[in-house]
Every structure is written in C-alpha cells, then in structure tokens.
Amino acid sequence: MSNYFDSRDFVKLAGNHVQSGKKMPGATLPTFPEQFLWGVATAAYQIEGSPDADGKGKSIWDTYAHIPGKMKNGDTGDVAIDHYRRYKEDVAIMKEMGVNAYRFSISWPRIFPNGVGKPNQKGVDFYSRLVDELLKAGIEPFGTLYHWDLPQALQDKGGWQSRDTAQAFADYASLIAEQLGDRVKHFFTLNELQNFVDMGHRGTEIKVQGKDVRIELAPGLQLSTAQVNQVSHHAVLAHGLAVQSMRAIRPDLLLGPADVLFTGVPIIDTPANVRAAEIATKKYNERFLDVMLTGKYSDSYLQAAGQDAPKFTEADLKAIGSPLDFVGVNIYIPKSYVEASEDAKGFREVPTSLTHPKMGSPWHSFSPEVLYWGPRLMNSLWKPKAIYITENGCAAGDVLTTEGRVLDTDRVMYMRAVMLNLHRAISEAVPVKGNFVWSAFDNLEWTGGFGTRFGLVHVDFKTQKRTPKLSAAWFKEASQRNGIV
Ligand code: NOJ
C-alpha cells in the first residue's frame with residue numbers, strides 16, 4: 001500500500017512550514033533563501049508632500065505637475081500622503097506588515113536646493129531620522145538617490161542634456177554616502193533610467209485598446225534622437241560617477257542601479273526561442289544596463305545610431321562600467337513576447353493576444369512569467385553578483401468597504417504568481433536576493449494621479465487615514481513564513 005498520502009511524510013517534505021496536510025512526495029513548498037528580503041518601495045515625490053519645508057528647493061516635478069493639463073484631475077505631489085510629516089506612523093505600519101527591507105528615495109533638491117553648492121542640513125536630517133526609525137523597527141533601509149525629481153535649478157541649466165548634471169549627481173551622491181552611509185549600507189543610484197530618459201525627453205507611445213497613447217514624464221521635452229541618446233549617456237555616466245564617488249568616501253557601501261529591465265519573453269519554451277529572448281533582452285537594454293554591465297556600447301547600437309550616437313570618452317565608459325555589488329531591476333511586464341528568427345536581428349516580436357489579461361494600469365498586461373525570464377536572462381547575459389527586484393506590483397480598483405476592508409483579491413493573485421515565478425528563478429540558482437513590492441502605500445502615480453492605487457496600504461487622500469489591504473495581510477503571512485503556502 002503506498003503511503004503517498006501519509007501526513008507524516010508531508011511534514012517531513014514541507015519542512016517546518018506546514019503542520020498537517022497531504023501532498024505528493026517529491027514536491028516542496030516554495031520557500032525562499034534564508035536571508036531573502038521581503039521589501040516594499042516608495043519614491044519621494046510620490047509620497048512626501050511638504051514641497052517647500054525646511055529649505056527644500058523645487059524639483060522638475062514640482063514645476064511640471066502645476067502645468068495645466070499635465071496631471072490627471074490636476075493632482076500634484078504638494079501633499080501626496082504627507083509622509084514627510086507622518087514617516088513614524090508609516091514605519092510602524094511597515095513593521096506591522098512584516099516588511100524587512102524598505103526602498104525609499106532621497107529628494108535631491110531637499111539636500112541641494114540648487115542642485116549644487118551648499119547642502120541643506122535640514123533636508124539631510126529628515127532622511128537621517130527616517131533611517132533611524134527604520135533601523136529601530138528592524139527594517140533594512142535601501143536608499144535610491146534619484147527617483148526622477150531633478151532639482152529645477154539644474155533643469156534650468158540644461159538638465160540631463162548637460163554633462164555637468166552627471167557630475168553634480170556624483171557630488172550629491174558622495175554627500176549622501178558621507179551623511180547616511182554609516183547606517184544605510186545599500187544604495188541604488190538611479191531609478192528606471194530608460195523610462196525617465198525616454199518618457200521625459202521625447203514621450204513614449206503605448207497602445208491602449210488599439211489606440212496610441214503618449215506617456216510623458218517631467219520635464220516633458222520633445223528632443224531629437226541624437227539629443228535623447230546624449231541624455232541617456234549622461235544618465236549612465238551619472239550612475240558610474242556616483243559609484244566612484246561613493247566608493248571613494250565609503251568603500252564598504254553596496255551599490256547598483258534600480259533600472260527597468262526591458263525583457264523579451266519567449267513565446268514558447270524552445271531553446272531557439274529562449275536564445276531569441278536573450279538577444280532581444282540585450283538589444284532592448286543596450287543604452288542602459290548593457291553598457292553599465294559591460295563597460296561598452298554594443299557595436300550594433302553604435303552602428304544603428306550612426307550620426308545620432310552619443311559623444312563619449314574611454315574614461316566615461318570606464319566609470320559607467322564600474323564594478324557593482326548588485327543589479328536592481330524593476331520588472332512589471334515583458335517588453336515583448338519573441339520567437340526565433342533567421343534574420344540578422346535574431347528575434348521577432350509577436351503581438352500579444354487581444355484577450356491577454358490585464359492589471360489596473362493601461363500598460364499592465366498580466367504576465368507574471370516575466371519575473372522568471374527577466375532574472376534568468378539577466379543572469380545568462382551579464383552574470384551579476386546579485387539581483388534585487390527593486391519593484392513589481394500592480395494598480396487595482398480598490399474599494400474601502402463599510403467594514404473598513406480593502407479586498408484586493410486581484411493584487412493577491414498577482415503577488416502569488418509573481419513570487420512563484422521568482423522562486424523558480426531562484427531555484428535555478430539565479431542570485432535574486434530580495435523583492436520590493438511597489439508600493440508600500442497608495443501614492444501619486446505620476447501623471448496618472450492618485451486614482452491609480454498601487455499600495456499594499458490604502459490611503460484616504462482626504463483624511464490621510466492608512467488601511468492595510470488584504471494584500472498587506474498576504475504579504476505579512478508570506479514574509480513571516482519566508483515562503484508561499
Ligand atoms: C515604476 C516607477 O519607478 C514608479 O515610480 C511607478 O509608480 C511604478 N513604476 C508604477 O507605474
């Protein structure tokens with residue numbers, strides 16, 4: 001008689017995660033490595049408010065959000081979720097949710113109101129208090145130095161079109177290393193380079209229900225391809241110079257970008273399609289991750305760009321390719337599903353089915369397998385020492401019930417699927433060390449305004465009342481078990 005359904009076996013197989021139940025032999029529950037980080041993420045402009053407090057300078061978002069017609073419903077980050085004043089309550093909520101790592105961003109114009117020059121100590125003090133509060137709560141702080149809020153004073157001098165901005169960023173980064181680096185060990189340089197470069201400097205078209213919709217970010221410029229390529233170069237240069245300047249101050253810091261990974265996902269799992277997905281992923285990231293991780297622009301990029309290629313020096317490439325401790329990537333969707341092709345490009349993009357399911361944002365196809373393929377392809381392409389998933393998450397049509405609950409069953413479904421795919425990558429020895437859910441709290445979704453809710457915690461934007469959603473309870477359960485039941 002087989003003992004397939006002997007519960008004692010089940011306990012043995014499942015480790016200490018399950019006390020009773022029935023399971024086929026050989027199967028194991030998805031448990032994550034011991035030091036795995038169950039993190040959440042936010043960004044300064046999306047949550048802080050207090051745009052003029054304690055000597056803060058204006059950022060390009062303070063300017064842009066006040067241009068009539070740019071933001072949905074005229075929303076701005078002037079108050080946002082008032083985190084600047086409520087950070088203690090917010091840290092307490094994260095602790096209660098079982099968060100063990102928090103990725104927050106530092107507002108450059110709080111630290112340097114004019115982008116350069118004399119630092120504003122009161123701005124530094126805010127982040128210092130936040131970090132102390134996190135450490136007290138047993139939450140590991142991960143700082144992002146640039147989450148899109150460039151000081152307006154630097155924009156007035158050319159912004160990312162000017163090479164000086166990259167140097168100013170490195171100087172700001174070294175001040176942060178000096179002031180916070182005794183307590184914050186991990187820093188991400190810049191967030192989603194490809195998105196703020198392209199969407200901020202020429203806009204990106206996406207298809208929504210068959211129609212082209214333009215997505216724009218501040219400063220909302222319309223530049224030529226050559227100019228945009230130069231902006232990209234200054235962004236990766238800023239990353240490289242910051243890594244160098246921070247290491248010069250504190251060699252023990254752990255550094256990497258928090259870029260967005262544009263991923264090719266194989267339409268079906270044939271070896272030829274997997275290879276095509278790898279080629280596509282390298283190509284999609286050639287102006288950003290590829291140059292940061294190889295220290296050179298690919299020949300195919302430079303040839304295709306021709307006259308529009310950026311101007312750079314060998315010393316720039318050396319800085320850009322500075323060795324990193326980890327690579328952080330935000331992963332939400334595939335750039336494309338791809339299949340093998342015989343032509344010189346080596347892959348062909350395949351349109352997604354018209355009925356492909358979607359999450360709450362117009363651009364968000366439900367494609368959780370990208371959390372497996374993204375890390376796997378990064379690993380085979382660039383062999384990073386470690387990978388952090390610096391963002392994933394989804395917007396949902398959250399409703400606060402009369403009993404005060406938010407039953408975001410779709411977000412729970414999404415997170416289960418994401419974590420299972422990530423687990424698959426980890427079980428194939430891809431070195432993913434942690435995942436940061438976007439976002440801890442509902443917040444200002446850039447031009448999408450407050451109506452696009454990404455939080456695990458619901459925020460009533462009128463009263464500022466915080467209510468953890470069903471997804472927060474799911475997160476707590478999973479982080480406490482370090483696994484999924
Ligand atoms: C990526 C960005 O880094 C973040 O600021 C944004 O809110 C999320 N994606 C969701 O769109």
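Just so it is clear, the structure is predicted and the values come from calculations on it, not from any experiment. Whatever order the structure lists them in is the order used to number ligands and atoms, beginning at 1. Sequence positions, counted from 1, serve as the residue numbers for this chain.
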- Which of the atoms in ligand 1, numbered in the order shown and given with their element, are less than 4.0 Å from a heavy-atom of Asn330? 3 (O)
- Item | ligand 1 contact on Asn443 by region, counting heavy-atom pairs under 4.0 Å | neither
- Which class fits the ring pair Phe347 and Tyr284: parallel under 30°, tilted 30 to 60°, perpendicular over 60°? perpendicular
- Protein heavy atom at shortest distance from atom 7 (O) of ligand 1: Glu445 OE1, 2.6 Å
- Proximity winner for atom 8 (C) of ligand 1, if only heavy atoms of Tyr332, Trp148, Phe454 are counted: Tyr332
- Quick note on ligand 1: atoms under 4.0 Å from a heavy atom of His147 include exactly 2 (C), 3 (O), 4 (C), 5 (O)
- One should read off an interatomic distance between Phe262 CZ and Glu192 CD, to the nearest 0.5 angstrom, of 7.5 Å
- Task: Look at the aromatic rings of Phe188 and Tyr388 and report parallel, tilted or perpendicular, splitting at 30° and 60°.
- Result: perpendicular
- With rounding to the nearest 0.5 Å, note down the distance linking CD1 in Ile47 to OH in Tyr45. 13.0 Å
- Quick one: look at Trp363 and ligand 1, take heavy-atom pairs under 4.0 Å, and tell me if it's side chain, backbone, both or neither. side chain
- How close does the nearest protein non-hydrogen atom get to atom 9 (N) of ligand 1, and which residue and atom is it? Glu391 OE1, 3.3 Å
- Separation between CZ (Arg183) and CG (Leu134), nearest 0.5 Å, reads 11.0 Å
- Query: Just wondering, do Val236 and Phe288 contact through their side chains at under 4.5 Å, heavy atoms?
  - Reply: yes
